[in-house]
*Asks:* 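Mind having a look at this structure? Questions to follow.
All residue numbers refer to positions in the sequence shown, counting from 1. Keep in mind the model is a prediction, meaning the values are calculated, not measured.
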Amino acid sequence: MVNEKKKIATVVVLGDIGRSPRMSYHVSSLLEHEFYVNIVGYLDSTPINEIINNSEVNIEKLRPVPETSLSPVFTYVWKTFWMFITLSCSLFKCVVLRKSHILICQNPPGVPALLVCYFMCLFGRTRFIIDFHNYTYSILSLKNEPETFFVKMAKFIETSIGRLSDINFCVSNAMKEDLEKRFNIKATVLYDRPFVNFKPTTIQEKHELFLKLGEKYSGLIVDKKTTLFTETVEENIIRLKLDRPALLVSSTSWTPDEDFGILLTALEKYEQKANIFTGYPNLVCIITGKGPLKAKYENIIMKKDFQKVQIILPWLEIDDYPKILGSADLGVCLHYSSSGLDLPMKVVDMFGCGLAVCAIDYQCLNELVRDKETGYVFKDEDDLAELLLDHFHNYPKTSEVNQTIEKNLKKFQELNWHKNWNEIAWPLIKT
């Protein structure tokens with residue numbers, strides 16, 4: 001039941017709420033400022049606790065698009081029409097009938113979300129806010145020619161509506177400049193920052209996590225008190241094993257903008273050298289996430305004959321994901337922006353957990369990852385293989401570069417999501 005004294009906000013994802021962390025964090029920050037929040041989207045996975053267990057949040061679940069056997073063109077038209085109708089019905093209820101004060105819409109996907117949100121805000125006299133994570137048209141261009149009708153339509157809609165909104169946020173300074181220079185859209189940079197649950201993992205938490213994962217994934221536990229990485233030396237005293245393997249972690253949506261062939265090739269090159277020379281530990285590589293290309297890469301991995309490398313592809317519970325990041329020795333990010341203007345949130349999560357990251361280079365990555373200062377930057381599989389070999393040589397000893405990165409990441413962790421949101425977003429929203 002909505003408290004009539006509270007202001008009401010509506011947050012629109014038009015995607016899986018559980019896999020939309022930035023929009024979920026908007027909800028959490030709005031709750032801190034005593035808003036009642038409607039969040040509109042699909043419920044394919046469990047949202048964060050601040051959403052799922054809060055009486056001040058209404059999850060407006062969208063009905064999935066019914067499957068069809070139509071051609072790709074007609075399937076796209078049908079999908080857009082279905083989302084237009086279902087989103088319009090949900091937003092009429094949340095924005096117009098419940099009289100939302102503000103609406104924050106994620107872009108992408110911008111079609112038909114931006115169009116529906118804009119007109120519902122007109123009807124409801126609601127302030128309309130767009131949060132630009134990337135461009136819809138640039139993502140569509142990955143599978144279609146830039147001059148096709150759907151790409152041009154998406155570009156027209158998101159750039160036209162972007163000029164009509166009350167407030168725009170974006171994820172990088174490069175995107176802010178691009179929006180203003182090319183489309184005359186003014187936006188405020190709201191960098192992603194670690195949420196409160198992304199923090200270093202304790203030895204006890206690592207031990208419990210590996211015991212838990214070992215029940216499902218073979219080779220991670222030795223016995224009830226010993227894992228591949230940790231051991232119990234006395235009652236309730238846990239320590240890291242000196243002869244443990246190194247732990248490499250990566251997360252992905254298994255989509256075309258991340259080429260995991262690069263990581264697999266780099267791991268092959270690591271194994272070749274580690275089998276010949278001493279000083280290189282065994283590697284356990286954990287790759288988390290769901291997505292359309294996962295089955296393809298599972299088949300490729302099954303055919304590999306690794307001896308020094310073990311690859312595990314778990315789907316982690318929402319509370320376990322930060323813990324695995326905080327347990328790892330190195331992270332890998334293969335996100336390659338379709339626009340070259342967004343920054344990978346998974347790197348922010350890793351930084352929050354104190355994890356150094358190897359990230360593939362692109363146009364604006366240096367706004368987040370500075371080579372040998374907050375992480376490592378690579379261009380291809382050869383670069384990544386060399387980074388892995390350098391980083392893990394004589395493991396678990398660490399180099400001066402690693403110590404510099406660790407020091408800089410501690411500074412990064414001082415400004416979390418809520419502090420940053422209160423400094424940047426709240427002054428604009430509250431006026």
*Asks:* Which residues satisfy the side-chain contact (heavy atoms from CB on, under 4.5 Å) test with Phe306, sequence neighbours excluded?
*Replies:* Leu267, Glu268, Glu271, Lys304, Val309, Ile311
*Asks:* Within the supplied structure, the quantity of interest is the number of heavy atoms (other residues, nucleotides, ligands) at a distance under 6.0 Å from Asn184 CG; does it exceed 12?
*Replies:* no
*Asks:* Do side-chain atoms of Asp16 reach the backbone of Ser45 as a donor and acceptor pair under 3.5 angstrom?
*Replies:* yes
*Asks:* Kindly indicate whether a cation-pi arrangement holds for Lys290 with Trp254, taking the cut-offs as under 6.0 Å to the six-membered ring centre and within 45° of the axis.
*Replies:* no
*Asks:* Quick one: closest heavy-atom pair of Tyr280 and Ala274, and the distance?
*Replies:* CB-CB, 3.7 Å
*Asks:* Locate the shortest heavy-atom distance separating Thr80 from Pro112; write the atom from each residue and the value.
*Replies:* O-CG, 3.7 Å
*Asks:* Does any non-hydrogen side-chain atom of Phe35 lie less than 4.5 Å from one of Glu56?
*Replies:* no
*Asks:* Measure the shortest side-chain to side-chain distance between Tyr137 and Val111 over non-hydrogen atoms and say whether it is less than 4.5 angstrom.
*Replies:* no
*Asks:* Between Val12 and Val116, is any pair of side-chain heavy atoms under 4.5 Å apart?
*Replies:* no
*Asks:* Can you measure from CD (Glu373) to CG (Asn408) and round to the nearest 0.5 angstrom?
*Replies:* 6.5 Å
*Asks:* Indicate the atoms forming the closest heavy-atom contact of Leu14 with Ala113, along with that distance.
*Replies:* CD2-CB, 3.6 Å
*Asks:* For residues His391 and Tyr376, establish whether the separation of their ring centroids is below 6.0 Å.
*Replies:* yes
*Asks:* With sequence neighbours left out, what residues match Ser165 under side-chain contact (heavy atoms from CB on, under 4.5 Å)?
*Replies:* Phe128, Ile130, Asn168
*Asks:* Could you go step by step and tell me if Glu60 and Asn58 meet the side-chain hydrogen bond (donor to acceptor under 3.5 Å, both in side chains) rule?
*Replies:* CA-CA 6 Å; Glu60 192 68 29; Asn58 166 54; 3.2 Å; yes
*Asks:* Within a strict 4.5 Å, meaning less than it, do heavy atoms of the Val332 and Leu334 side chains meet?
*Replies:* yes
*Asks:* In terms of heavy-atom contacts, does CD of Glu34 have more than 12 from other residues, nucleotides or ligands at under 6.0 Å?
*Replies:* no
*Asks:* Determine whether a donor-acceptor pair (N or O, by modelled atom type, separation under 3.5 Å) exists between the side chain of Arg127 and the backbone of Ile429.
*Replies:* yes
*Asks:* Rounded to the nearest 0.5 Å, how far apart are CD1 of Ile185 and CE of Met175?
*Replies:* 10.5 Å
*Asks:* CZ of Arg125: more than 12 outside heavy atoms within 6.0 angstrom?
*Replies:* no
*Asks:* Can you classify the ring geometry of Trp82 versus Trp78 as parallel (below 30°), tilted (30 to 60°) or perpendicular (above 60°)?
*Replies:* tilted
*Asks:* Applying the side chain to side chain contact (heavy atoms under 4.5 Å, CB included) test to Leu91, which of Leu103, Thr126, Val96, Asn38 qualifies?
*Replies:* Leu103
*Asks:* Within a radius of less than 6.0 Å around CD of Glu32, do more than 12 heavy atoms belonging to other residues, nucleotides or ligands occur?
*Replies:* yes
*Asks:* Does a side-chain heavy-atom distance below 4.5 Å link Phe132 with Val171?
*Replies:* no
*Asks:* In Å, rounded to the nearest 0.5 Å, how long is the span from CD1 of Ile17 to CD1 of Ile39?
*Replies:* 4.5 Å
*Asks:* Do you know the tightest heavy-atom contact between Lys419 and Glu414?
*Replies:* NZ-O, 3.3 Å
*Asks:* Taking atom CD of Glu215 and atom CG of Leu220, what is their separation to the nearest 0.5 Å?
*Replies:* 11.0 Å
*Asks:* Can any side-chain N or O of His101 pair as donor or acceptor with the backbone N or O of Ile8 at less than 3.5 Å?
*Replies:* yes
*Asks:* Could you go step by step and tell me if Trp426 and His418 meet the ring pair (Phe, Tyr, Trp, His ring centres under 6.0 Å) rule?
*Replies:* CA-CA 10 Å; Trp426 180 241; His418 286 306; over 10 Å; no
*Asks:* Counting distance only, does the side-chain N/O of Ser337 pair as donor-acceptor with the main-chain N or O of Leu341 below 3.5 Å?
*Replies:* yes
*Asks:* Let me have the donor-acceptor pairs involving side chains of residues 186-196, under 3.5 Å, with sequence neighbours excluded, atom names and distances please.
*Replies:*
| unit_1 | atom_1 | unit_2 | atom_2 | d |
| --- | --- | --- | --- | --- |
| Lys186 | NZ | Glu180 | OE2 | 3.0 |
| Tyr191 | OH | Glu367 | OE1 | 2.6 |
| Asp192 | OD1 | Arg22 | NH1 | 2.7 |
| Arg193 | NE | Leu415 | O | 2.9 |
| Arg193 | NH2 | Phe412 | O | 2.7 |
| Arg193 | NH2 | Leu415 | O | 3.3 |

*Asks:* If only atom types and distance count, is the side chain of Glu158 paired as donor or acceptor with the main-chain N or O of Thr136 below 3.5 Å?
*Replies:* yes
*Asks:* Between Ser20 (side chain) and Met23 (backbone), is there a donor-acceptor pair under 3.5 Å?
*Replies:* no
*Asks:* For this output row, return yes or no: ring centroids of Tyr76 and Phe150 closer than 6.0 angstrom.
*Replies:* yes
*Asks:* For the side chain of Thr288 and the backbone of Pro314, is there at least one donor-acceptor N/O pair under 3.5 Å apart?
*Replies:* no
*Asks:* Centroid separation under 6.0 Å, is that true for the rings of Trp421 and His33?
*Replies:* yes
*Asks:* Contact between Phe169 and Leu428 at the side-chain level, heavy atoms closer than 4.5 Å - yes or no?
*Replies:* yes
*Asks:* Show every donor-acceptor pair shorter than 3.5 Å between a side-chain atom in residues 258-265 and any protein atom, with sequence neighbours excluded, or say none if there are none.
*Replies:*
| unit_1 | atom_1 | unit_2 | atom_2 | d |
| --- | --- | --- | --- | --- |
| Glu258 | OE1 | Thr252 | OG1 | 2.3 |
| Glu258 | OE2 | Lys346 | NZ | 2.3 |
| Asp259 | OD1 | Gly261 | N | 3.0 |
| Asp259 | OD1 | Tyr297 | OH | 3.4 |
| Thr265 | OG1 | Gly261 | O | 2.9 |

*Asks:* Run the side-chain contact (heavy atoms from CB on, under 4.5 Å) test on Leu114 and Tyr118 for me, step by step, so that the C-alpha distance in whole Å, both residues' side-chain angles and the decisive distance to 0.1 Å come before the verdict.
*Replies:* CA-CA 6 Å; Leu114 294 180; Tyr118 173 68; over 6 Å; no
*Asks:* What's the spacing between Leu248 CG and Ile286 CD1 if we round to 0.5 Å?
*Replies:* 9.5 Å
*Asks:* Which residue pairs pass the salt bridge (charged side-chain N to carboxylate O under 4.0 Å, His left out) test with at least one member in residues 195-214, sequence neighbours excluded?
*Replies:* Lys212-Glu317, Lys212-Asp320
*Asks:* Assess whether atom OH of Tyr42 is packed by more than 12 heavy atoms of other residues, nucleotides or ligands within 6.0 Å.
*Replies:* yes
*Asks:* Determine the minimum heavy-atom distance between Leu409 and Thr374, stating which atoms define it.
*Replies:* CD2-O, 3.8 Å
*Asks:* Can you check whether Pro108's main-chain N or O pairs, donor with acceptor, with Gln106's side chain at less than 3.5 Å?
*Replies:* yes
*Asks:* If every non-hydrogen atom of Cys170 is compared with every non-hydrogen atom of Asp131, which pair is closest and at what distance?
*Replies:* N-OD1, 4.2 Å
*Asks:* More than 12 heavy atoms of other residues, nucleotides or ligands under 6.0 Å from CD of Gln403: is that the case?
*Replies:* yes
*Asks:* side-chain hydrogen bond (donor to acceptor under 3.5 Å, both in side chains) for Ser138 and Ser339? Distances and angles first, verdict last.
*Replies:* CA-CA 6 Å; Ser138 69; Ser339 64; 4.5 Å; no
*Asks:* How about Asn173 and Cys364: do any of their side-chain heavy atoms sit closer than 4.5 Å?
*Replies:* no
*Asks:* Would a 4.5 Å heavy-atom cut-off, applied to side chains only, mark Ile301 and Leu313 as touching?
*Replies:* yes
*Asks:* Distance check, rounded to the nearest 0.5 Å: Lys152 atom NZ versus Lys155 atom NZ?
*Replies:* 9.5 Å
*Asks:* Give every donor-acceptor pair under 3.5 Å between a side-chain atom in residues 347-362 and any protein atom, sequence neighbours left out.
*Replies:*
| unit_1 | atom_1 | unit_2 | atom_2 | d |
| --- | --- | --- | --- | --- |
| Asp361 | OD2 | Lys379 | NZ | 3.2 |
| Tyr362 | OH | Asp342 | O | 2.5 |

*Asks:* Salt bridge check: are Lys269 and Glu381 linked by an N-O gap of less than 4.0 Å?
*Replies:* no
